[in-house]
Amino acid sequence: MTLLVTSELSRRFGGLNAVDQVSLVLDRGEIRAIIGPNGAGKTTLVSMICGRIAPSSGGIAFEDQDITGMRPWHRVRHGIVYTFQITSIFGNLSCFDNVALAAQRSDTWATGRWWPRGHGHLAETVLAVLNRVGLSGRAAARASTLSYGHQRLLEVAIGLALKPKLLILDEPTQGLAEDEIVSFCALTRDIAREATVLLIEHNMPVVMEIADRVTVMENGRILAEGSPAEIRADAQVQKAYFGT
Amino acid sequence: MTGATPRRDWLLHLAVIALLFGVQFVLPAYHYSNVSKIMVMASFAIGYNILIGYTGLLSLGHAMFFAAGLYGAGLTVHHLGFDPLSGFLAGLLAALCLSVAIGLVALRTAGVSFMIVTLMFAQAGYLLTLYFGEFTRGDEGFVLKENLLRVVVGDTGFNLIDPAARYNLALLLFTVCLLGSLVLVRSAVGRVLIAVRENEQRTAMLGYNAFLYKLLALVISGTMSGAAGATYALLFTYVGATFAAIQYSILPLLWVLLGGAGTTLGPLLGTLLMFYLVDVSSGQTSSYMLLVGAALIILVLWAPKGILGTLREKRIPWLP
Ligand SMILES: Nc1ncnc2c1ncn2[C@@H]1O[C@H](COP(=O)(O)OP(=O)(O)OP(=O)(O)O)[C@@H](O)[C@H]1O
Ligand SMILES: [Mg+2]
């Protein structure tokens with residue numbers, strides 16, 4: 001049942017304990033939200049999980065395997081996929097090529113070959129993924145010409161094409177319009193039927209609506225953890241996060 | 001850009017090759033020899049372009065790969081009596097080994113450090129050609145003897161320095177390099193190289209070991225440059241240290257920037273234009289390098305993406 005365990009994971013930047021002895025357990029199939037004020041260490045924590053940042057101490061286990069020292073591209077192969085807080089698509093490439101980069105990678109992993117299957121097969125996969133996030137029809141468009149909301153969706157599409165077991169979404173709804181947020185919530189629930197979702201989110205209504213469990217961080221530490229309702233009722237959280 | 005219309009670019013490239021094949025029947029002797037040389041140098045530029053244009057790595061030391069091919073072929077034919085084909089393969093192998101070795105070291109750096117490291121290695125290579133002057137005859141160089149360049153095919157044969165043989169062998173090299181680069185950039189690997197150029201960090205988070213892809217690009221680029229060097233030695237018979245000097249690291253950079261970095265046909269166009277720009281201006285004035293410099297400044301100011309790069313942006317988006 002357990003997918004990911006971090007044990008006393010810490011990261012220091014100079015004198016700052018950005019993440020301080022965080023022990024987190026994720027179950028397979030859940031949607032876990034991480035909330036917390038700016039600078040709480042959320043991005044740093046998930047960056048260690050996906051391998052972008054090395055921990056100062058502590059360990060990470062994924063599917064009962066120690067992955068603490070594993071290189072980021074190997075973690076992707078094991079199913080840990082990160083979508084960036086700051087939109088980080090390939091602006092000069094078409095939407096098709098953006099997703100194809102991810103799709104051809106997971107295709108070679110699936111077949112165990114060096115080379116992805118032919119163009120027709122790849123195109124089919126790419127268009128299906130674009131369709132799933134609602135970007136069908138934009139395949140040929142240059143990614144940088146998309147609206148901000150669509151760029152965030154493309155970011156998710158790239159993640160999906162990698163066939164993740166754990167999809168980490170770092171503030172995916174930031175800067176989206178109301179109706180885009182609604183369809184994003186539906187998409188996330190859809191994704192969660194095949195993958196575990198770790199969601200960093202500031203938008204509380206979104207968290208309350210889609211998260212199975214919520215972890216609250218402050219100053220690099222876990223302050224509280226529980227169901228959305230429990231978190232809403234927690235007095236400590238109220239004070240730290242909602243400022244009341 | 002979705003790769004849905006690969007026909008058009010194949011037709012365009014085949015047309016360029018057919019054109020180069022056709023003009024040999026009408027070119028006057030002087031230009032005949034020039035175009036042969038341009039096709040070899042354009043192959044060098046195509047190799048360089050794979051690194052700078054498609055992978056985003058700026059090397060200032062590609063003369064060492066060209067020279068590895070040049071000396072690999074030249075020395076083995078001149079001193080060891082290799083036949084031309086074996087000499088060519090020796091040059092190819094020398095460039096291949098050199099680019100693997102250089103890549104493993106130089107690719108640990110990036111950006112300006114990469115430029116400096118490649119520059120230093122190339123300088124070391126240049127000094128080596130002088131140091132081993134006993135074999136290379138240094139700056140003065142040596143000339144391959146005509147009788148060493150005979151190729152026997154069945155009962156007949158031909159000599160590499162025969163103008164028609166030279167032109168068509170140069171065209172063969174160019175064809176392989178051009179179509180090879182087209183296949184590469186249109187392939188799954190080419191897509192990753194472009195992704196590395198655009199955003200290396202992000203590419204790693206898509207599950208790619210960017211170092212391996214950069215190494216692959218450098219090895220293809222260096223080997224292609226070496227193939228051009230080996231061909232140059234065999235077709236134009238002169239092997240000298242000038243080809244290992246910094247000038248021959250800068251020239252492919254200029255050719256590619258002029259024609260358009262990251263376009264498959266840019267290297268040919270850039271080499272062709274630069275060659276005739278120098279040719280015409282050196283006839284008019286002794287300070288022809290000044291004219292070349294001025295032309296480049298104009299280019300950088302008005303068309304920083306080079307001729308075909310600008311054309312792709314403004315008019316023909318499907319250009320590979
Ligand atoms: N590369 C870095 N070097 C130095 N300090 C850093 C670095 N990355 C993050 N920090 C610091 O670590 C702390 C935690 O940052 P982090 O980005 O993890 O916070 P966050 O919870 O994601 O915040 P936000 O909600 O603003 O995204 C912050 O004080 C930040 O300034
Ligand atoms: Mg953050």
Side-chain angles (χ1 to χ4, degrees), chain A residues 47 50-52 71-84 86-109 113-120 122-123 126-127 130 138-144 155 158-159 161-164 168, chain B residues 1-10 53-56 108 182-217 220 260-263 304-306 309-310 312-320:
Chain A
S47 296
C50 70
R52 280 196 330 137
R71 311 298 316 217
W73 50 89
H74 288 138
R75 296 187 200 206
V76 180
R77 177 164 199 173
H78 284 263
I80 302 178
V81 171
Y82 176 69
T83 68
F84 285 67
I86 298 156
T87 308
S88 170
I89 51 175
F90 298 96
N92 285 328
L93 305 188
S94 65
C95 294
F96 182 95
D97 279 336
N98 268 276
V99 179
L101 274 163
Q104 72 185 33
R105 181 79 279 200
S106 52
D107 190 67
T108 51
W109 286 333
R113 282 193 247 161
W114 281 85
W115 219 259
R117 280 170 279 183
H119 184 80
L122 186 67
V126 171
L127 295 178
L130 283 172
R138 306 307 305 272
R142 201 189 240 239
S144 59
E155 181 92 51
I158 295 170
L162 287 166
K163 304 218 161 71
I168 301 169
Chain B
M1 267 200 136
T2 62
T5 52
R7 282 252 167 78
R8 270 200 292 221
D9 27 290
W10 276 93
Y54 289 102
T55 320
R108 301 193 179 277
L182 178 63
V183 168
L184 177 71
V185 305
R186 281 293 194 226
S187 73
V189 171
R191 190 180 275 130
V192 182
L193 296 184
I194 293 171
V196 169
R197 177 189 77 193
E198 296 289 315
N199 187 344
E200 189 178 330
Q201 301 279 329
R202 186 70 179 103
T203 310
M205 297 311 298
L206 292 178
Y208 294 102
N209 181 348
F211 180 85
L212 283 185
Y213 282 86
K214 290 195 287 185
L215 183 62
L216 179 70
I220 295 173
T263 64
K305 303 207 158 153
T310 306
R312 170 161 68 191
E313 192 139 280
K314 301 252 158 74
R315 301 221 178 262
I316 331 175
W318 56 268
L319 216 58

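Here is how names work: the chains are called A, B, and so on, in the same order as the sequence lines, proteins then strands, and each is numbered from 1. Given the structure is predicted, the values throughout are model-derived calculations rather than measurements.
In plain terms, the two heavy atoms of B:E198 and A:N92 that are nearest each other are OE1-ND2, 2.8 Å. Of all non-hydrogen atoms in B:R202 and A:Y82, the two that sit nearest each other are NH1-O, 4.1 Å. Across B:L206 and A:W109, no two heavy atoms sit closer than the pair O-CH2, 4.3 Å. Among all heavy-atom pairs drawn from B:A188 and A:Q104, the shortest one is O-NE2, 2.9 Å. Taking all atoms of both residues into account, the shortest heavy-atom contact from B:N199 to A:S88 is ND2-OG, 3.5 Å. In this structure, A:D97 and B:R191 approach most closely via the heavy-atom pair OD1-NE, 3.0 Å.
Atoms CH2 and OG1, on A:W73 and B:T203 in that order, are 11.5 Å from each other to the nearest 0.5 Å.
If you measure heavy-atom distances from A:L122 to chain B, the contacts under 4.5 Å come from the side chain alone. Interface remark: A:R105 contributes backbone and side-chain atoms alike to the contact with chain B (heavy atom separation under 4.5 Å). Both the backbone and the side chain of A:L101 come within contact range of chain B, judged by heavy atoms closer than 4.5 Å.
Note: A:A100 leads A:A100, A:G91, A:C95, A:A102 in heavy-atom pairs under 4.5 Å with chain B. Note on A:R71, A:E155, A:R75: by heavy-atom pairs under 4.5 Å with chain B, the leading option is A:E155.
Scanning for side chain to side chain donor-acceptor pair (under 3.5 Å) contacts around B:Q201 gives an empty result, with sequence neighbours left out.
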